[in-house]
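Here is the structure we will look at.
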Protein chains: 2
Amino acid sequence: MAKAEDSGAYKGSGKLRPEEMIYQEMLDAILDRRLEPGMKLVEEDLAKTFGVSRARIRATFLQLAHDKLINLVPNRGAFIAEPTINEAIEVFSARRMIEDGVARKVATSMTPERADQIRNHLAREHAAHHDGDHRAAIILSGEFHLLLARLTGNLVIEEFLERLILRSSLIIAMYESPQPVDCSHSEHDRLLDALLGGDPDVAAAEMSRHLDAIRDRLQLQRPKPGKTDFASIFGRTPRSEAS
Amino acid sequence: MAKAEDSGAYKGSGKLRPEEMIYQEMLDAILDRRLEPGMKLVEEDLAKTFGVSRARIRATFLQLAHDKLINLVPNRGAFIAEPTINEAIEVFSARRMIEDGVARKVATSMTPERADQIRNHLAREHAAHHDGDHRAAIILSGEFHLLLARLTGNLVIEEFLERLILRSSLIIAMYESPQPVDCSHSEHDRLLDALLGGDPDVAAAEMSRHLDAIRDRLQLQRPKPGKTDFASIFGRTPRSEAS
DNA sequence: GCACGCAAAATTGTTAACAATATTATTGTC
DNA sequence: GACAATAATATTGTTAACAATTTTGCGTGC
């Protein structure tokens, strides 16, 4: 499916290191759910697919495992992560803890230029929604939060939040409700209003509400979705078929 | 100096995976400044020292680089990180942003058992100070913050803060003032009082003050210490010696 | 004496082969 | 026909050798 092709065109000047390219490709596949949670990742298959050595794939695995996007099991291999309900709750709780602080800082250091930057981004979000581009909308929604993190001017926070947002994307892809009631763009509008207000407490409260809302829109009651769990799909216990 | 020896005694049951052992040993060496900032880490030397293959060392490097404790330069190798003054400031700023939230959460979820856990830890900190064990004091001081993170019950926060505290330890080791006025144990006492008070705002304010105090005790005015920067050590510009 | 360039050494990056482990298929037994 | 033991296969873990790159040392010319 997602072979490496010849490529070299869409990545600009072609100076990009192949290792980052592979990481990015796998990332995209995970967030697109072309690679489903629980799926086994065989080193040699991937190596052949990308036309690199196993060692390179192994290094990429380490990176993905560090971001909690795959699980590395000794002697067994790599598997797409299957964030549990509890993990999902903890991730959004952690984000609230951090992004409250982000909102506070951004609210108290607002400038006209920064406000324009945010408005600019929101316009793109609205456009994606208008065009019905669900995938772009999800990505832009994440990048909105990343933009706020960047406005704090703190690279440490920015980098950590970037990873946490990626992890959130996997969680959302895994637990989102069948009919995506994705009204988060209007929540982002409200967030901008709060940030422009300049009151750190109000901004933090609005951020908390927003992140809780995202979490609450998820279908976090199912015991464990994903993978090829036919038993849950067909609502019966497995039995052997007649040969 | 820090050879692997035969070892096997101090790591308990001996079931510990060697990869984690190597990471831990290198970590200790970095925080002890047996490995100085800027120092080159040659793969083969380390491989022979620890009696493992270069591949294993390479994997360990990736982990350390992810924690920002070493720098990985393509085709050049690995170097002990030299956090800049700006990085130091950002790390403590990030910690304040996060640990304010931690303090808030701990203050509002305090129980007698948890209070005892904290008091228990403080007793160990005091003991280390009393014994003049500087190294133990620094480690325990970091673990105090980690304990609070653990009390939030959020593994995401705990793991991130663990890395940030390690990074802080490197920064402190690099920038601490010659005469270590390490009065942070009394600040931890005050922090406990604030947490017991139950007021989240008070607890957060006390945490902010404490982290700012640590930062302010650092000698963050020097342009760039570490390495073999003879020019700054001898206060003169380099010149060639007569052969 | 100093700068430049070239060659040698050291070091990292990569590949391929081998060993250890886990998974799957097969066979035999009840 | 179901279950257990065993062999065959597939996959991961590890090692060693080779290629590419950088660093170092040396010599030459100015």
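Any value given below was found using the heavy atoms of this structure, including those in side chains, with hydrogens, waters and symmetry copies removed. Letters A, B, ... mirror the listed sequences (proteins, then strands); counts begin at 1. What you see is a predicted model; the values in this text were computed from it and never measured.
Distance alone, capped at 3.5 Å, places no donor-acceptor pair between the A:Ser141 side chain and the A:Ala137 backbone. Checking side-chain atoms of B:Asn71 against main-chain N and O of B:Ala81 turns up no donor-acceptor pair under 3.5 Å.
Comparing D:dT11, C:dT12, C:dT15 by their nearest atom to the side chain of A:Ala55 picks out C:dT15. Among the nucleotides C:dT12, C:dT14, D:dT11, the one closest to the side chain of A:Lys40 is D:dT11. Comparing atom distances between the A:Arg56 side chain and each of D:dT15, D:dT12, C:dT14 picks out C:dT14 as nearest. When distances run from any side-chain atom of A:Arg58 to the nucleotides C:dT15, D:dT14, C:dT11, the shortest one goes to D:dT14.
Within 4.0 Å (heavy atoms only), B:Leu41 reaches sugar-phosphate atoms of the nucleic acid but no base atom.
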Contacts under 3.5 Å, N or O only, protein and nucleotides 16-20 of chain D:
none

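We find that CG of A:Leu62 is positioned 10 Å from P of D:dG13, with the value rounded to whole Å. Between the CG atom of A:Leu46 and the C1' atom of D:dT11 there is a distance of 13 Å, rounded to whole Å. The interatomic distance linking B:Ile57 (CD1) with C:dT11 (P) rounds to 15 Å, in whole Å. Atom-to-atom, CD of B:Glu43 to C1' of C:dG13 comes out at 8 Å; the value is rounded to the nearest Å. What separates CG of A:Leu72 from C1' of D:dT11 is a distance of 14 Å, to the nearest Å. As a whole-Å value, the separation of B:Arg76 CZ from C:dG13 P is 11 Å. Atom C1' of nucleotide C:dT12 and atom CG of B:Asn75 are separated by 7 Å, given to the nearest angstrom.
Atom CD of B:Glu36 and atom CD of B:Glu82 lie 10.0 Å apart (nearest 0.5 Å). Note that CZ of A:Phe92 is 8.5 Å distant from CG of A:Leu220, once rounded to the nearest 0.5 Å.
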Run the side chain to side chain donor-acceptor pair (under 3.5 Å) test on B:Ser93 and B:Arg215 for me, step by step, so that the C-alpha distance in whole Å, both residues' side-chain angles and the decisive distance to 0.1 Å come before the verdict. CA-CA 9 Å; B:Ser93 168; B:Arg215 182 198 60 199; over 6 Å; no
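Using a cut-off of 4.0 Å between Lys/Arg side-chain N and Asp/Glu carboxylate O, A:Glu159 and B:Lys68 are scored as salt-bridged.
Aromatic ring orientation, B:Phe144 versus B:His121: tilted (interplanar angle from 30° to 60°).
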